[in-house]
Amino acid sequence: MRKRGWIAGAVLVMTLALTACGGNNGGDAGSAAQENGGQENGQENREQETSGGEDGDSKDAAEGPVRIATKPMVEQYILGEMLSELIEENTDYEVEITKGIQGGTNNIHPAMEAGEFDLYPEYTSSGYTMVLDHDPAGVDDEEMFEQLQQEYSEKFGMTWVGQYGFNNTFAVAVRKDIAEKYDLKTCSDLSTVSGELIFGGNPDYIEREDGFNVLCDTYGYDFKKVMDIDIALKYQAMQNGEIDVTNGFTTDAQLSKDDYVVIEDDKKLQVNYFCATVVREDALEKYPGLEEALMLMENLLTDKEMAALNYAVEVDGRDEADVAHEFLVDKGLVD
């Protein structure tokens with residue numbers, strides 16, 4: 001049975017007021033990596049304007065719905081719907097989703113601390129840098145996740161559960177015909193032929209200090225031509241043959257198609273942004289069975305699958321709840 005209760009993030013005045021008064025590290029959330037790196041333009045391409053039963057012990061243990069927050073991006077809307085449906089399918093609790101909270105981590109985390117929300121989808125390096133103020137460079141993914149769990153518990157009374165499997169991080173993408181022509185599998189492979197190719201990227205990535213210039217310095221790229229292209233038009237320019245290479249994110253909707261190939265960051269220049277659920281520990285106590293429901297998200301999604309779901313909503317214009325439901329049905333998790 002599908003039940004949906006949600007409110008628009010724009011009406012969450014208390015959350016925004018908390019940030020105005022409060023001051024946590026952070027920035028906007030157009031994508032996990034964009035959020036940390038400051039590429040707010042990416043958010044414009046990912047945003048949308050969107051605004052159970054009870055029995056005995058469950059009712060006694062928890063009055064009111066499980067409250068989920070999401071960032072203002074299609075990917076998070078889909079994940080919020082998945083979390084909601086898995087909770088309502090496997091427990092007696094109702095769910096309320098607050099969608100599209102501007103400022104992402106910067107506003108959601110203090111609202112979580114204040115008890116306005118019970119849980120939300122978050123990305124490992126976003127939490128590590130924006131909340132804990134640590135440098136993620138060179139930190140092993142397993143070590144980072146353990147540290148996130150420990151410090152969130154000690155400092156905020158929260159924990160991380162159920163890593164979803166996909167990694168929404170920076171990526172270098174090339175046209176499929178170019179990848180096949182030059183047998184490109186890694187970013188190092190690209191260095192040997194970059195002088196024959198055209199790179200097109202959104203201006204903020206090309207101009208920022210830790211963006212395009214660091215990529216070129218790390219891999220020795222010297223492209224034939226570099227073009228500034230609006231973030232919403234990059235993949236169209238690739239498809240039209242105007243550019244050969246671009247910067248992107250591993251779960252970009254367009255990268256679910258076979259027209260493009262994401263090549264491996266073999267020198268590990270970019271940090272990883274694995275997604276998992278951040279949940280208040282008192283919510284796990286208040287709602288028995290909640291953690292087990294959240295753990296159904298463990299290793300559920302690949303980068304390609306998340307990109308395909310994003311495509312269904314962003315490009316095909318489908319409803320995120322329907323897309324999430326069909327995916328969970330296909331995985332055998334709901335009826």
Side-chain angles (χ1 to χ4, degrees), residues 1-16 18 29-30 32 35 43 46-54 62-123 126 158 160-162 164 275-280 282-284 286-287 289-291 293-297 300-301 306 309-310 312-314 318-329 333-334:
M1 177 170 58
R2 297 177 63 194
K3 300 171 285 183
R4 294 201 299 165
W6 58 271
I7 58 177
V11 304
L12 194 66
V13 177
M14 289 183 66
T15 301
L16 298 177
L18 273 170
E35 180 181 30
Q43 177 177 319
R46 308 288 289 263
E47 288 184 7
Q48 284 185 317
E49 291 294 331
T50 65
S51 25
E54 300 173 345
E63 295 291 343
V66 177
R67 299 158 302 169
I68 298 175
T70 69
K71 304 182 186 188
M73 51 193 284
V74 165
E75 181 167 292
Q76 289 257 319
Y77 299 160
I78 297 168
L79 294 172
E81 292 290 350
M82 287 187 186
L83 290 165
S84 175
E85 188 159 359
L86 288 173
I87 293 168
E88 292 188 336
E89 182 78 11
N90 293 279
T91 72
D92 293 313
Y93 312 128
E94 294 183 353
V95 174
E96 178 183 271
I97 308 176
T98 303
K99 295 188 177 186
I101 296 175
Q102 298 298 321
T105 300
N106 195 43
N107 281 339
I108 296 174
H109 180 77
M112 287 276 290
E113 286 189 88
E116 295 181 36
F117 300 116
D118 299 305
L119 60 95
Y120 79 108
E122 182 59 284
Y123 305 88
S126 294
M158 304 176 200
W160 291 63
V161 299
Y164 308 160
C275 200
T277 303
V278 172
V279 57
R280 288 178 57 95
D282 61 2
L284 296 179
K286 180 181 179 182
Y287 301 100
L290 176 60
E291 184 169 6
L294 298 178
M295 284 300 296
L296 294 173
M297 292 289 291
L300 184 63
L301 290 146
M306 190 70 251
L309 297 176
N310 288 336
V313 177
E314 292 180 25
R318 299 192 57 209
D319 180 77
E320 61 263 18
D322 293 337
V323 169
H325 175 70
E326 290 176 9
F327 182 80
L328 293 178
V329 170
L333 293 176
V334 300

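Because only heavy atoms are used, hydrogens play no part in the values below, and waters and symmetry mates are left out as well, while side chains stay in. Note that the coordinates shown come from a computational prediction; the quantities given were computed from them, not determined experimentally.
The residue from Q76, H325, K99 that alone fulfils the side-chain hydrogen bond (donor to acceptor under 3.5 Å, both in side chains) condition with E81 is K99.
Checking side-chain atoms of Y287 against main-chain N and O of P65 turns up a donor-acceptor pair under 3.5 Å. A donor-acceptor pair is defined here as one N or O able to donate and one able to accept, closer than 3.5 Å; such a pair exists between the side chain of T70 and the backbone of G100. Side chain of R67 to backbone of G115: a donor-acceptor contact under 3.5 angstrom is found.
Closest approach of T91 and G289 over heavy atoms only: CG2-O, 3.9 Å. Between W160 and A276, the shortest heavy-atom contact is CE3-CB, 3.9 Å. The heavy-atom pair separating S84 from I68 by the smallest distance is N-CD1, 3.9 Å. Nearest heavy atom pair, residue V279 against residue A283, reads CG2-CB, 4.3 Å. The minimum heavy-atom distance between Q102 and P72, with the atom names listed, is NE2-CB, 3.8 Å. Between P121 and A69, the closest heavy-atom pair is CD-O, 3.3 Å.
Here the CD1-CD distance, from I108 to E116, works out to 11.0 Å after rounding to the nearest 0.5 Å. Rounded to the nearest 0.5 angstrom, D319 CG and E326 CD are separated by 10.0 Å. Atom CD of residue E314 and atom CD of residue E320 lie 11.0 Å apart, to the nearest 0.5 angstrom. Between the CE atom in M297 and the CE atom in M82 there is a gap of 5.5 Å [rounded to 0.5 Å]. Note that OG1 of T277 and CG of D118 are 12.0 Å apart. Values are rounded to the nearest 0.5 Å.
Residues Y164 and L83 meet the side-chain proximity criterion, which asks for heavy atoms closer than 4.5 Å. Looking at M295 and V161, their side chains come closer than 4.5 Å, going by heavy atoms from C-beta outward. Counting only heavy atoms from C-beta outward, the side chains of M112 and R280 approach each other to under 4.5 Å. Residues I87 and L119 have side chains in contact (heavy-atom distance under 4.5 Å, counting atoms from C-beta outward). Contact check for I101 versus F117: side-chain heavy atoms found under the 4.5 Å cut-off. F327 places a side-chain heavy atom less than 4.5 Å from the side chain of L301. Proximity of L300 to L328: side-chain heavy atoms (C-beta onward) are separated by under 4.5 Å at one or more points. Residues T105 and Y120 meet the side-chain proximity criterion, which asks for heavy atoms closer than 4.5 Å.
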Stepwise side-chain contact (heavy atoms from CB on, under 4.5 Å) check, E89 with L296: CA-CA 11 Å; E89 182 78 11; L296 294 173; over 6 Å; no
Audit row: V278, H109, side-chain contact (heavy atoms from CB on, under 4.5 Å) steps and yes/no: CA-CA 9 Å; V278 172; H109 180 77; 5.9 Å; no
Verdict with supporting geometry, V74 and L309, side-chain contact (heavy atoms from CB on, under 4.5 Å): CA-CA 9 Å; V74 165; L309 297 176; over 6 Å; no
Derivation and outcome, side-chain contact (heavy atoms from CB on, under 4.5 Å), residues E85 and L333: CA-CA 10 Å; E85 188 159 359; L333 293 176; over 6 Å; no
